[in-house]
Novice: 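Have a look at this one before I ask anything.
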Amino acid sequence: MQLLFIHSDYIEYEAKEKTRVAEPISESSRNERVEEALVVFIAVEREDEKDARYVVEKASEEAISVFNKVNAERIVLYPYAHLSSELASPGRSIEILREMENELLSRGVEVKRAPFGWYKSFTLRCKGHPLSELSRKIKVREGAEAEEAEVEKKSKALEAEEKAESHFFFMDEKGNLIRTADFEFVEEQENLRKFFVYESEKRRAVDKIPPHVELMKRLEIADYESSSDPGNLRFYPKGKLIKTLLEDYVRNSVAEYGAAEVETPIMYSTEHPSLKDYLERFPARQYSMVGKVGKPDLFLRFSACFGQFLMGKDMSMSYKNLPLKIFELASSFRKEKRGELVGLRRLRKFTMPDMHTFCKDMGEALEEFKKQYELCMRVLEGIGFSSKDYEVAIRFTKEFYDDDANKRFIEELVRIAGKPVLIEMWDQRFFYFVLKFEFNFVDALEKASALSTVQIDVENAERYGIKYVDANGKENRPIILHCSPSGAIERCMYALLEKAYLDKEGGVLPMLPLWLSPTQLRIIPVAERHLEYVEGVLPLLTGIRVDVDDREETVSKKIRDAGREWIPYVAVVGNKEVEKKTLNVTIREESSDKKQKVEMDVSALKERIEEGLKNKPFWRLPVSYRLSERTKFVGG
RNA sequence: GCCGCUGUGGCUUAGAGGUAGAGCGGCUGAUUCGUAAUCAGCAGGUCGUGGGUUCAAAUCCCACCAGCGGCUCCA
């Protein structure tokens with residue numbers, strides 16, 4: 001609460017015109033003149049709502065203390081919104097002002113309160129003595145927010161979740177459901193074991209900073225931005241390139257699958273009835289913005305669900321259109337707790353490919369579910385993750401699994417995965433889905449995070465009023481599938497970096513997939529006189545991100561730097577190559593610590609690289625192709 | 001958010017109450033070099049921010065900010 005005290009000879013005001021939030025007043029109280037008053041201009045702020053009682057008391061104490069010091073005869077409370085940019089809601093503001101009026105009255109002070117929500121003219125004569133102008137800020141005491149959060153009313157879903165119990169199993173490729181205690185891990189199931197431990201037990205401390213955080217900085221991919229809210233990162237040109245390529249790839253894959261791309265708003269009113277349940281369930285997880293006076297507050301979306309459901313509600317769908325798929329590459333915001341944020345793994349602002357499929361019934365939903373399960377595998381494969389790189393979790397309600405056909409369906413999913421998967425069975429449904437799967441990546445610190453996921457949603461069609469017309473002309477609720485084929489784009493980048501790190505630990509030279517490598521081919525002239533030949537070769541290499549290390553450095557130095565940047569193809573050009581019109585190429589994926597050099601002509605190299613880029617998006621190099629002209633974005 | 005640890009030029013870091021030092025990177029010059037760091041010189045620091053203790057603070061104390069780990073959480 002912001003307070004401005006003016007000790008006045010008199011104040012005169014007139015309520016001229018109503019604003020939208022005006023309180024009703026009698027005709028006689030429109031005009032007032034008060035002599036010898038301590039005028040208290042007040043802005044009630046948003047945070048005051050958390051502990052109104054305390055704020056009212058504190059503010060009243062302050063007012064009385066000033067009142068006594070200056071020897072005023074009475075107090076005028078004057079609502080003055082312009083003292084703050086973070087106002088409380090009008091309704092609460094009026095209440096708090098009234099409480100303050102009563103508080104002062106009960107302490108024996110003569111009080112007048114100017115009407116709230118009116119455009120008022122006023123004349124004020126300030127006495128001008130040293131204490132006649134003072135301002136105060138009343139802060140909500142420490143801990144009030146936490147208290148508030150705890151008493152926050154819990155939705156039914158949240159209560160149910162607390163009561164819900166779940167049980168873990170493993171299922172092998174033959175469809176045997178095995179109790180976790182009875183499962184024996186073989187060597188290649190080490191990651192499954194780590195994943196299960198992560199899901200079910202406490203972990204011990206690791207005193208390493210996550211490898212990908214170091215890499216994302218060193219490779220000039222992304223970095224923290226301490227001037228923003230934590231978890232909102234900056235991306236350098238190379239990182240933005242990788243991100244754009246991944247986005248394009250996922251977007252293309254989903255379009256090919258038959259989804260229509262849409263765009264929906266990133267912010268929504270907190271007062272929309274369909275959105276309220278979500279907000280109640282995760283009260284502290286929103287970025288919220290205070291609406292202007294008389295307007296509802298807004299929150300930033302944490303997924304594309306709302307936008308697409310609200311769109312779905314207004315569509316007229318026939319059973320003939322189903323299954324209907326819409327997709328969005330959605331910038332999403334989740335105000336994760338401070339300690340949960342890590343590099344590119346867990347962010348507050350991230351990019352979520354989000355596809356929703358409207359299906360006419362559970363049969364169709366399951367059919368689609370399986371197709372999307374396979375879609376997710378293909379998309380991850382395309383990004384650079386084989387099924388060895390992730391662990392499958394399938395989660396469902398007991399009720400779902402009690403059905404024989406469903407049981408066979410789950411077994412089929414495990415067969416497709418081709419290796420044992422983690423099963424979680426809930427004894428009751430506590431959120432909107434009955435069945436979901438995720439593909440989880442296990443990183444160098446043995447932490448698991450979900451990449452792809454599909455969920456079968458049986459609740460939101462009802463909540464949002466989404467319907468389709470069936471063959472009999474009757475309206476029905478569709479079953480909705482939520483699918484993120486790759487998981488968050490940033491998280492894919494995290495997993496790629498962690499995977500490269502793990503490769504390095506295993507003695508393999510770390511690198512990004514060719515199509516994502518910022519520089520795909522680096523040409524290193526031995527001396528300046530070889531540059532001309534190199535420049536002549538460049539026009540033959542269109543469609544490939546090529547750069548030239550034209551710095552005045554030794555060949556050894558340039559080779560080392562290319563290696564540190566994980567460049568997939570490094571070509572050295574000296575007298576021999578100029579003479580024979582070839583390139584001396586080191587192919588990273590075929591090299592170990594000992595360099596493997598191959599003499600190739602330019603067209604052979606081009607063909608080989610193009611083969612590796614097939615069916616993948618391409619963007620040109622975002623920085624100068626000459627290293628001598630390049631700016632460093634990160635030191636070291 | 002809570003608990004613990006950390007914070008020194010662009011990067012990595014030495015310094016533990018008494019004049020901030022180095023390597024990399026940068027700049028300048030020399031070197032035109034054949035597969036993981038060519039040589040020399042120069043510039044660059046509010047010691048995360050704000051308070052406090054002290055004759056004196058990077059160093060001790062407090063608060064805040066950011067990062068890391070744990071708890072928690074992951075729609």
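Here is how names work: the chains are called A, B, and so on, in the same order as the sequence lines, proteins then strands, and each is numbered from 1.
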Novice: Given that both distances must come in under 3.5 Å, which nucleotide forms a Watson-Crick or G-U wobble pair with B:G9?
Specialist: none

Novice: Please work out if A:K597 contacts a base, only the sugar-phosphate, or nothing of the nucleic acid, heavy-atom cut-off 4.0 Å.
Specialist: base

Novice: Look through every strand shown and name the nucleotide pairing with B:A63 as Watson-Crick or G-U wobble, where both distances are under 3.5 Å.
Specialist: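 When the pairing criteria are applied, B:U49 turns out to be the nucleotide that pairs with B:A63.
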
Novice: Rounded to whole angstrom, note down the C1' distance from B:U19 over to B:G45.
Specialist: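 Pairwise C1' distance, B:U19 against B:G45, rounds to 15 Å.
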
Novice: Taking B:G51 as the reference, what is the distance to B:C65 when you measure between their C1' atoms (whole Å, please)?
Specialist: 14 Å

Novice: For the pair made of CD in A:E459 and C1' in B:A75, what is the distance, rounded to whole Å?
Specialist: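 Going from A:E459 (CD) to B:A75 (C1'), I get 12 Å.
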
Novice: With a 6.0 Å cut-off on the ring centroids, do A:F299 and A:Y287 count as close?
Specialist: no

Novice: Base, sugar-phosphate, or nothing for A:V572, non-hydrogen atoms under 4.0 angstrom?
Specialist: base

Novice: Could you write out each protein N or O paired with an N or O of nucleotides 38-47 of chain B at a distance under 3.5 Å?
Specialist:
| residue | atom | partner | partner atom | Å |
| --- | --- | --- | --- | --- |
| B:U38 | OP1 | A:T554 | OG1 | 3.4 |
| B:U38 | OP2 | A:T554 | OG1 | 2.9 |

Novice: Using the C1' atom as the point on both nucleotides, what is the distance between B:C60 and B:A43, in whole Å?
Specialist: 34 Å

Novice: Under 3.5 Å, is there an N or O donor on one side and an acceptor on the other linking the side chain of A:R218 and the base of B:C11?
Specialist: no

Novice: Using Watson-Crick or G-U wobble geometry with both distances below 3.5 Å, tell me the partner of B:G17, or none.
Specialist: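 Pairing partner: none.
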
Novice: Contact class for A:R346 (heavy atom, under 4.0 Å): base, sugar-phosphate, or nothing?
Specialist: base

Novice: Please measure how far the C1' atom in B:U38 lies from the corresponding atom in B:U46, and state the result in whole Å.
Specialist: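 These two C1' atoms come out 37 Å apart once rounded.
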
Novice: Between A:Y236 (OH) and B:G10 (P), how many Å, whole number?
Specialist: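 Those two atoms, OH and P, are 13 Å apart.
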
Novice: Work out how far the C1' atom of B:U13 is from that of B:G18, and round it to whole angstrom.
Specialist: 23 Å

Novice: Measure from CG on A:D561 to P on B:C33 and round the result to the nearest Å.
Specialist: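 These atoms are roughly 20 Å apart.
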
Novice: On the 0 to 90° scale, with breaks at 30° and 60°, tag the A:F433-A:W426 ring pair as parallel, tilted or perpendicular.
Specialist: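 If you compare the ring of A:F433 with that of A:W426, the planes turn out tilted.
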
Novice: For a quick check, tell me whether the side chain of A:E340 and the base of B:G70 share a donor-acceptor pair closer than 3.5 Å.
Specialist: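 In this structure, the two groups form no donor-acceptor pair.
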
Novice: Scan A:G563 against the nucleic acid and name what it touches under 4.0 Å (heavy atoms): base, sugar-phosphate only, or nothing.
Specialist: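 Nothing, no heavy atom under 4.0 Å.
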
Novice: What interatomic distance, in whole Å, is found between C1' of B:A75 and the corresponding atom of B:C5?
Specialist: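 It comes out at 32 Å once rounded to the nearest Å.
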
Novice: According to the Watson-Crick and G-U wobble definitions, with both distances under 3.5 Å, which nucleotide is paired to B:A36?
Specialist: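 WC or wobble partner does not exist here.
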
Novice: Is the ring pair A:Y494/A:H212 parallel, tilted or perpendicular, if the boundaries are 30 and 60 degrees?
Specialist: perpendicular

Novice: What interatomic distance, in whole Å, is found between C1' of B:U59 and the corresponding atom of B:G15?
Specialist: 9 Å

Novice: What is the distance, to the nearest angstrom, from the CZ atom on A:R285 to the C1' atom on B:U72?
Specialist: 8 Å

Novice: Parallel, tilted or perpendicular: which fits the ring planes of A:F400 and A:F396, with parallel below 30° and perpendicular above 60°?
Specialist: tilted

Novice: Taking 4.0 angstrom as the limit, do A:K499 and A:D389 come out as a salt bridge?
Specialist: yes

Novice: To the nearest Å, give me how far apart CZ (A:R348) and P (B:G1) are.
Specialist: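 The distance from CZ of A:R348 to P of B:G1 comes to 7 Å, rounded to the nearest Å.
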
Novice: Once you round it to whole Å, what is the distance between C1' of B:C33 and CG of A:N584?
Specialist: 16 Å

Novice: For nucleotides B:U54 and B:C73, find the distance between their C1' atoms and express it as a whole number of Å.
Specialist: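 It comes out at 46 Å once rounded to the nearest Å.
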
Novice: Quick check on side chain to side chain donor-acceptor pair (under 3.5 Å): which of A:T357, A:D457, A:D354 does A:H482 satisfy it with?
Specialist: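 Between A:H482 and the candidates, side chain to side chain donor-acceptor pair (under 3.5 Å) is satisfied uniquely by A:D457.
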
Novice: How long is the line joining CZ of A:R560 and P of B:G34, in whole Å?
Specialist: 18 Å

Novice: Can you measure A:E336 atom CD to B:C71 atom P for me and round it to whole angstrom units?
Specialist: 16 Å

